[in-house]
Amino acid sequence: MTNMNSREAAQAVAIEVLSFLARDPDRISGFLANAGIGPDRLRDVAREPGFLAAVLDYLLADEPLLLMFSEDSGISARSVPAARMALGNPDKAF
């Protein structure tokens, strides 16, 4: 995932972050609480514009979590802000 200019690559990074969060009950609970959604709505909300950007925003706000993600996934921590920029500002937040 070296080319973060690609929206598709950025989406792939965000999906990888979401998978990382979902593998640990405490991590996903923290994200859901921050986003103000319940686990029962996650599937529906995941399709909303802005959701993947919000996933990246959440990770970027927590440097220790970002570094843990980078180590776990093998994706450079520097790729995450680049992915966030590639997603831009969605017209509608989830």
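- Under a 3.5 Å cut-off, the side chain of S70 and the backbone N or O of L66 do not form any donor-acceptor pair.
- R27 places no side-chain N or O within 3.5 Å of a backbone atom of A22 that could act as its donor or acceptor partner.
- Distance CZ/R41 to CD/E48: 8.0 Å, rounded to 0.5 Å.
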* side chain to side chain contact (heavy atoms under 4.5 Å, CB included) between F51 and L42, intermediate numbers included -> CA-CA 10 Å; F51 179 77; L42 183 58; 3.7 Å; yes
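- Nearest heavy atom pair, residue P81 against residue R78, reads CD-O, 3.4 Å.
- Side-chain atoms of I28 and L18, non-hydrogen and from C-beta on, do get closer than 4.5 Å to each other.
- Listed for the R84 side chain is no donor-acceptor partner under 3.5 Å among the backbone atoms of L56.
- The minimum heavy-atom distance between V13 and F69, with the atom names listed, is O-CZ, 4.5 Å.
- N34 contributes atom CG, which lies 12.0 Å from atom OG of S29 (distance to the nearest 0.5 angstrom).
- Other residues, nucleotides and ligands place more than 12 heavy atoms under 6.0 Å from the CZ atom of R23.
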* Between F20 and L65, is a side chain to side chain contact (heavy atoms under 4.5 Å, CB included) present by the stated rule, with each step listed? -> CA-CA 10 Å; F20 166 76; L65 189 61; 3.6 Å; yes
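- In this structure, A86 and S6 approach most closely via the heavy-atom pair CB-O, 4.3 Å.
- Between V80 and L60, the shortest heavy-atom distance links the atoms CG1-CD2, 3.6 Å.
- Of all heavy-atom pairs between A77 and L67, the closest is CB-CD2, 4.2 Å.
- Partner F31 forms a side-chain contact (heavy atoms from CB on, under 4.5 Å) with one of V55, V17, D26, L59 and no other, that one being V55.
- Between the side chain of S79 and the backbone N or O of I75 there is no donor-acceptor pair closer than 3.5 Å.
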